[in-house]
2 protein chains.
Amino acid sequence: MKLKDLARELGLSLTTVSRALNNYPEVSDDTRARVKRVADRVGYQPNIIARGLAVGEIGAIAVMVPKESTSYLDPDTIEFLVGIAEVLAPAGQDILLVQSSRDESLETCRNIIESRRADAIIICYPAPVDSRVRFLADANFPFVVYGKSRTPVAHTWVDIDHRDAAFRSTAFLFERGHEKIAAIEGPVQFAFAEERMAGIRRAFDQFELPPCIINDTFCDYTGYEHTLRLLRQASPPTAFVYGSLLSAIGGGRAIRELGKQERIAVVTQDNGVPYLSPKNILPRMTMTSFPIREAAKRVAQQTIRMMDVNAAIETESWKPRLISIAQSGRD
Amino acid sequence: MKLKDLARELGLSLTTVSRALNNYPEVSDDTRARVKRVADRVGYQPNIIARGLAVGEIGAIAVMVPKESTSYLDPDTIEFLVGIAEVLAPAGQDILLVQSSRDESLETCRNIIESRRADAIIICYPAPVDSRVRFLADANFPFVVYGKSRTPVAHTWVDIDHRDAAFRSTAFLFERGHEKIAAIEGPVQFAFAEERMAGIRRAFDQFELPPCIINDTFCDYTGYEHTLRLLRQASPPTAFVYGSLLSAIGGGRAIRELGKQERIAVVTQDNGVPYLSPKNILPRMTMTSFPIREAAKRVAQQTIRMMDVNAAIETESWKPRLISIAQSGRD
DNA sequence: CTGTTAGCGCGTTCAT
DNA sequence: ATGAACGCGCTAACAG
């Protein structure tokens, strides 16, 4: 069923039918009513491609999430996607899920905008300096970044204040008398990892101690292995900071295995993933917490806003709550 | 940069350039080479929409996943999506992520095919009798279902043998002397839940005991609450079967809280989600295991196959492994 | 208020 | 081997 068929059935011209369906003001109310009624009855659906070609929009937004060869869509990324979907679906925008590894990300990005596969792009977890940002800004293509990068181009982004969160996490432990603290953080190829490291370093500087930071993929076994290794050292840490609950879970396992769960303090970043409840984890952990789903909603709203031709650039930084848990430690 | 621009740049006609890029046999080799070289240099990308309009294909496959009001994309669904993406991305097919609740799913489905938003549809977790199956089959639209439903229409599907897995899980416990077994299973609106219940009932029948099955959303707190409630009964179960690791995690927490982790046996279904490692869970659990990511890959391959006009209908059922863990129990 | 006409960018017959 | 012309289904100027 195409527009032409519908027009023939109604005895109207193609144009009038189109206008009636798209709520143009110049069609009479009863014509519009009649058109819509019949369209509804015969189940007419406009061909989205033809419409896209005519209007120059496709009704979809691409979400670029990182793909590393050994990795998977982690729970945080998923929660992010869920938040995006919650805003975009009611807005009638489809989501184009695009995974791309670091070195092909610019190419993928180009591909999306030149083939007009999407009307806007959301970049999730940018690199410290991300080539896509300049490219998209130059191309004047609507985009929003989830993550504060150092890319020297004005652009709209939303992020959690990772630097502040990491600083407070570390300081929290220092203030409780810990002197040997280890941080298990994410890969340096991501901006947020850099931000967290800056916060952690500041805390170490302030308490005049040399930093101990490890960077690796966030997942159970990396958290486990690094923690185990560190705890087996001659003078092991008495406290750990984890950049992700995933690593913290693995780290917690290592701590339990060594029977140290009463003597090691832990602070972790928590993104509020419902099924990764810290309640299940031992040892108990203090956390900096911000629901990534809410951040994602803001990203989506900003993206819709940026699709307006003369939208201004905005940035948003959200501070996580510190949820202090009575736990073991040196004090 | 459009085809016309490229043609002008090359001093060739639009047609020839198009044919050269699409590997038509009638263009001379050096013309083709020259065209491709220049296209590559100037970064020409065909407009996917215009191409779609001309060819009648859009280069995207819709994945319909259930959305329940209180719920989120759970880890299993995500792993499923990852598997889909692993196959579809290299095949040059985009993924259109579509969440829809049960009662609007048929409408959403219609919408997708009538507006030609996608070239094929993947249905994830069908209802026991799913209206979309008949609709898509009637419309002769390519689709594959992840999940064995009772819909009386021949169609291509891929699934894990849930009935067998659930039967073996339950029988495993009976054989170890348990007589009071409770099953925490998924919502009956999904076909897989029905399948699992059939398997569980068969085990109960075989051992001539009345079944105890609870149906609820799979998540931490439902697992927790049902388990807690049951364990506080007058004569509580000595063993639990969980349809999902998510519920099992919550259930395990309830068991630990009551200090019964040495006396309760647990069997769970495990979909091989990397970050939900059962290694972190107490009490230890026996599991029926099958990587949902692998199943998803099969689904994606089947979908690509079904996009061929005269593809035959195929069905695949995969048996999970039973991974027996030495654990507490009555024996 | 309604209809006619011209694109949107590409693939593809039909000529040459 | 190459090009001109048409159509995919729809929207948007431009008439009337």
Side-chain angles (χ1 to χ4, degrees), chain A residues 1-36 38-39 42-60 92 94 110-119 141 309, chain B residues 1-36 38-39 42-60 92 94 110-119:
Chain A
M1 171 65 72
K2 354 189 253 191
L3 200 58
K4 195 158 85 176
D5 304 331
L6 188 69
R8 185 160 359 98
E9 186 129 342
L10 281 157
L12 285 171
S13 84
L14 237 154
T15 320
T16 306
V17 178
S18 170
R19 280 194 281 231
L21 292 173
N22 292 304
N23 293 317
Y24 276 59
E26 60 258 37
V27 292
S28 72
D29 283 348
D30 47 337
T31 305
R32 186 195 336 279
R34 193 165 67 93
V35 170
K36 287 201 173 177
V38 175
V42 303
Y44 168 77
Q45 291 281 122
N47 181 317
I48 199 91
I49 307 176
R51 187 193 149 84
L53 183 57
V55 177
E57 290 181 355
I58 184 66
D94 290 329
R110 280 189 46 151
N111 194 301
I112 292 170
I113 84 167
E114 302 213 332
S115 66
R116 299 251 165 254
R117 226 170 269 266
D119 302 327
F141 193 84
V309 278
Chain B
M1 169 65 72
K2 349 189 257 190
L3 200 58
K4 194 158 83 176
D5 304 331
L6 188 69
R8 186 162 354 101
E9 186 127 343
L10 280 157
L12 285 171
S13 86
L14 222 146
T15 320
T16 305
V17 177
S18 170
R19 281 195 280 233
L21 292 172
N22 291 306
N23 293 319
Y24 276 58
E26 61 259 37
V27 292
S28 72
D29 282 350
D30 47 338
T31 306
R32 185 194 340 277
R34 192 166 68 94
V35 169
K36 287 200 173 180
V38 174
V42 302
Y44 167 76
Q45 290 281 122
N47 181 316
I48 197 98
I49 307 176
R51 189 193 148 82
L53 184 57
V55 176
E57 290 180 356
I58 184 66
D94 288 329
R110 281 189 45 152
N111 194 301
I112 293 170
I113 83 167
E114 302 212 331
S115 66
R116 300 250 165 254
R117 225 170 267 267
D119 302 328

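Basis for what follows: all heavy atoms, side chains included, without hydrogens, waters or symmetry-related copies. This is a predicted model, so every value here is computed, not measured.
Taking for each of B/P46 and B/E26 the nucleotide of DNA chain C with the nearest heavy atom, the 5'-most of the two is the partner of B/P46.
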Report all side-chain donor-acceptor pairs from residues 4-11 of chain A shorter than 3.5 Å, counting only partners two or more places apart or in another chain.
from, atom 1, to, atom 2, distance (Å)
A/D5, OD1, A/R8, NH2, 3.3
A/D5, OD2, A/K2, N, 3.1

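Every residue two or more places apart in sequence or in another chain that forms a salt bridge (Lys or Arg N to Asp or Glu O under 4.0 Å) with A/R32 is listed here: A/D29. Remark: B/D94 pairs with A/R117 by the salt bridge (Lys or Arg N to Asp or Glu O under 4.0 Å) rule, at least two apart or across chains. Residues satisfying the salt bridge (Lys or Arg N to Asp or Glu O under 4.0 Å) test with A/R19, not counting sequence neighbours, are A/E26. Every residue two or more places apart in sequence or in another chain was checked for a salt bridge (Lys or Arg N to Asp or Glu O under 4.0 Å) with B/R34, and none qualifies.
Separating the CG atom of A/D29 from the P atom of C/dT2 is a distance of 10 Å, rounded to the nearest angstrom. The separation between A/Q45 atom CD and D/dG9 atom P is 15 Å, rounded to whole Å. If you take CZ of B/R34 and P of D/dA1, they are 16 Å apart, rounded to a whole angstrom. Atoms CG (B/N22) and C1' (C/dT13) sit 15 Å apart, rounded to a whole Å. Remark: C1' of C/dC1 and CZ of A/R19 are 8 Å apart, rounded to the nearest angstrom. Nucleotide C/dG11 holds its P atom 8 Å from the CG atom of B/L21, rounded to whole Å. With rounding to whole Å, A/R116 atom CZ is found 9 Å from C/dG9 atom P. Distance, B/R8 CZ to D/dG3 P: 15 Å, rounded to whole Å.
With C/dG11, D/dT11, D/dA1 as the candidates, the nucleotide lying closest to the side chain of B/R51 is C/dG11. Taking the side chain of B/T16 as heavy atoms from C-beta on, and the options D/dG3, D/dC10, D/dA1, the nearest nucleotide is D/dG3.
Within the 4.5 Å cutoff, the side chain of B/L21 has heavy atoms near those of the B/Y44 side chain.
Dashed line: the shortest gap from a side-chain N or O of B/S28 to OP1 or OP2 of D/dA1 is not under 4.0 Å. Contact annotation: A/T31 side-chain N/O to C/dC1 OP1/OP2 distance is not under 4.0 Å. Residue B/Y44 places at least one side-chain N or O closer than 4.0 Å to OP1 or OP2 of C/dC10.
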Polar atom pairs between nucleotides 5-8 of chain C and protein, under 3.5 Å, N or O only, would you list them?
from, atom 1, to, atom 2, distance (Å)
C/dC8, O2, A/A54, N, 3.4

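At the heavy-atom level, B/I49 lies nowhere under 4.0 Å from the strands shown.
At least one donor-acceptor pair under 3.5 Å links the side chain of B/S115 to the backbone N or O of B/N111.
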